[in-house]
Amino acid sequence: MKDFIKINENDNVIVALKELTAGETILAGTKEVTARETIPAGHKMAIRDIAAGAEVIKYGFRIGNAKENIAAGQWVHVHNLKTALGDLLEYTYQPVETNVKKTEDVKFMGFARANGKVGVRNEVWIIPTVGCVNNVAQAIEKSAQNDIADNVDGVISFTHPYGCSQMGDDQEHTRQILADLINHPNAAAVLVLGLGCENSNIDVMKNYIGEYDPERVRFLVAQECEDEIATGTEIVHELIHYASQFHREPISCSELVIGMKCGGSDGLSGITANPTVGGFSDRLIAMGGSTILTEVPEMFGAETLLMNRCENESLINDFKAYFKRHDQTIYENPSPGNKKGGISTLEDKSLGCTQKSGTAPVKGVLAYGEPVSTRGLNLLSAPGNDLVAATALAASGAHIVLFTTGRGTPFACPVPTIKISSNNTLAQKKQNWIDFNCGVLVDDVPADELADQLLDFVIEIASGKQAKSEEAGFHDMAIF
């Protein structure tokens, strides 16, 4: 195992892959550097003197400025490093030529839908229009479990506290996300469950859902029937019968849409897990498939790298303006867990986060709740919150979400959520959470080999293998 990594030849810091003790000497290129203090694993050490106010360079880019003089061998973290980000920036759009060569078509075993879409799961979903009927939705889900057919993957209710007493964007977001989920191809059939007096009632929701197959989408208004649980259970039984007609068949991977998200990041996330996901993204796009990258606030400081591969340069400033309208601090994003893991500034976090995008050109920029319409790499405007962003990826059409993490989390979203560890310790400790371990990169496993393995694993999940969160029965949903 390597003791440290220097990510880019221009970096003036290295990242410790194991704890470096005070007095320990490393060879960084041709220069020996002795640690002046203990450097925790995942954290940064200066490999040359950095003057107060000078740039600290990691990934080949600035991750902030030194608060004070930093000597070679010193620990570089929040105590002596500060963000260099400010308010809205005036960008110069400088397009970069990027290209991913097409590769041979590969198949997965999925479900072909009548409307031309494909799914990786054959589930029956219960979608409440308002939080007032959450308990009813869960009761129907529970009562339907004994009726599930062999080739139906489950009956799942997605509860939420919204649907009434909302205005403006809050109301629109709720309606759009619920409509997106109702139309999602992983749901073979859907019961839309309303109360009857809510703002986002079923008649209103039908305008957002658009055209639908009345055999696939059924509606129930609780105030209009005598026993909503009994009636709902009967409808779900009929929907299970409808869903049972679908069977897995070979489908081109060009039909896959995969969401990419990180959370609970550590100092290795941008070195192991996120670049591996970037390699996966390039491979899927080379097959004609699509990926979606989100968490706009975690692109701040690295946004120009994506923008110059992108056909639309307005996304980042739009989200910064959103924060400023609500008097929120933009650049205090790294969480306590991020900092403990070695991430010091938002630039540090962002440069690691954007590694998930690989090298492909950005083909689409999506508003929150907007479905993917262009094949290739897409950027989605959604916040960094794990549950909200992962739900947004599903709503935009992701069949599966890849979630990289250095600290771990058990949550899931409406679609299979694959947890990818950045380090070996987490993968070994939380085997009930982690599906795929990228920590082996520090053990000299080749990056290309690991990206190939991740592609194979995603195809397995798309073909029916359950993610750990699915095995646990976890299905979460949150709206911005």
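If you're wondering where the values come from, they're calculated on a predicted model, not measured in any experiment.
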First locate atom [atom1] of [X], then atom [atom2] of [Y], and finally report the distance between them rounded to the nearest 0.5 Å.
{"X": "Glu123", "Y": "Ile156", "atom1": "CD", "atom2": "CD1", "value": "3.5 Å"}
{"X": "Lys429", "Y": "Gln431", "atom1": "NZ", "atom2": "CD", "value": "12.5 Å"}
{"X": "Ile202", "Y": "Leu220", "atom1": "CD1", "atom2": "CG", "value": "7.0 Å"}
{"X": "Thr405", "Y": "Asp386", "atom1": "OG1", "atom2": "CG", "value": "8.0 Å"}
{"X": "Ser200", "Y": "Gln166", "atom1": "OG", "atom2": "CD", "value": "6.0 Å"}
{"X": "Thr103", "Y": "Leu284", "atom1": "OG1", "atom2": "CG", "value": "9.0 Å"}

Do you see a donor-acceptor pair shorter than 3.5 Å between the side chains of [X] and [Y]?
{"X": "Ser143", "Y": "Thr233", "value": "yes"}
{"X": "Asp180", "Y": "Gln176", "value": "yes"}
{"X": "Glu198", "Y": "Tyr162", "value": "no"}

Whether [X] side chain and [Y] backbone form a donor-acceptor pair below 3.5 Å:
{"X": "His173", "Y": "Phe480", "answer": "yes"}
{"X": "Ser290", "Y": "Gly376", "answer": "yes"}
{"X": "Asn378", "Y": "Ile292", "answer": "no"}
{"X": "Ser269", "Y": "Asp266", "answer": "yes"}
{"X": "Asn201", "Y": "Gly194", "answer": "no"}
{"X": "Asn151", "Y": "His247", "answer": "no"}
{"X": "Arg216", "Y": "Ala187", "answer": "yes"}
{"X": "Asp435", "Y": "Lys419", "answer": "yes"}
{"X": "Ser463", "Y": "Met109", "answer": "yes"}
{"X": "His399", "Y": "Gly119", "answer": "no"}

[Y] and [X], any side-chain heavy atoms less than 4.5 Å apart:
{"X": "Cys438", "Y": "Leu450", "result": "yes"}
{"X": "Asp153", "Y": "Phe111", "result": "yes"}
{"X": "Leu178", "Y": "His160", "result": "yes"}
{"X": "Leu377", "Y": "Met260", "result": "yes"}
{"X": "Pro414", "Y": "Thr391", "result": "yes"}
{"X": "Met477", "Y": "Thr159", "result": "no"}
{"X": "Asn437", "Y": "Ser421", "result": "yes"}
{"X": "Lys356", "Y": "Asn274", "result": "yes"}

Please indicate whether [X] has more than 12 foreign heavy atoms, meaning atoms of other residues, nucleotides or ligands, lying under 6.0 Å from its [atom1].
{"X": "Asn135", "atom1": "CG", "result": "no"}
{"X": "Gln145", "atom1": "CD", "result": "yes"}
{"X": "Glu234", "atom1": "CD", "result": "no"}
{"X": "Lys102", "atom1": "NZ", "result": "yes"}

Grab the two heavy atoms, one from [X] and one from [Y], that are nearest each other, plus how far apart they are.
{"X": "Asp282", "Y": "Ala360", "answer": "OD1-N, 3.2 Å"}
{"X": "Gly369", "Y": "Ile177", "answer": "CA-CD1, 3.9 Å"}
{"X": "Val133", "Y": "Ala222", "answer": "CG1-CB, 4.3 Å"}
{"X": "Pro383", "Y": "Val388", "answer": "CG-CG1, 3.6 Å"}
{"X": "Pro214", "Y": "Tyr212", "answer": "CD-O, 3.4 Å"}
{"X": "Gly270", "Y": "Tyr59", "answer": "CA-OH, 3.2 Å"}

* To do: Applying ring pair (Phe, Tyr, Trp, His ring centres under 6.0 Å), run through Phe280 and Phe436 and close with a yes or a no.
  => CA-CA 13 Å; Phe280 159 84; Phe436 191 91; 9.8 Å; no
Go through the steps for Thr174 and Asn199 under the test side chain to side chain contact (heavy atoms under 4.5 Å, CB included), then give the verdict.
CA-CA 11 Å; Thr174 295; Asn199 293 131; over 6 Å; no
- Under the criterion side-chain contact (heavy atoms from CB on, under 4.5 Å), which of Thr272, Asn423, Asn424 is the partner of Leu441?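 Exactly one pass, corresponding to Thr272.
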- [ ] Could you please spell out the steps behind the side chain to side chain contact (heavy atoms under 4.5 Å, CB included) verdict for Phe219 and Ile235?
- [x] CA-CA 9 Å; Phe219 301 92; Ile235 293 173; over 6 Å; no
Are Lys468 and Phe474 in a cation-pi setup, meaning NZ or CZ lies under 6.0 angstrom from the ring centre and within 45 degrees of the ring axis?
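Cation-pi check for Lys468 and Phe474: fails.
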Would you please test Asn186 and Trp125 for side chain to side chain contact (heavy atoms under 4.5 Å, CB included) and show each step? CA-CA 9 Å; Asn186 281 7; Trp125 289 0; 4.0 Å; yes
ask   = When you check the gap from the basic side-chain N to the acidic O, do Arg283 and Asp456 get nearer than 4.0 Å?
value =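 Salt bridge: no.
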Any Lys/Arg nitrogen of Lys107 or Glu255 sitting under 4.0 Å from an Asp/Glu carboxylate oxygen of the other?
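No, this pair does not count.
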query = Would Arg248 and Asn122 satisfy side chain to side chain contact (heavy atoms under 4.5 Å, CB included), going step by step from the backbone distance to the final call?
reply = CA-CA 9 Å; Arg248 290 191 182 273; Asn122 198 45; over 6 Å; no
Option from Gln466, Glu470, His184 for which side-chain hydrogen bond (donor to acceptor under 3.5 Å, both in side chains) with Arg121 holds
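Result: among Gln466, Glu470, His184, Glu470 is the only option passing the side-chain hydrogen bond (donor to acceptor under 3.5 Å, both in side chains) with Arg121.
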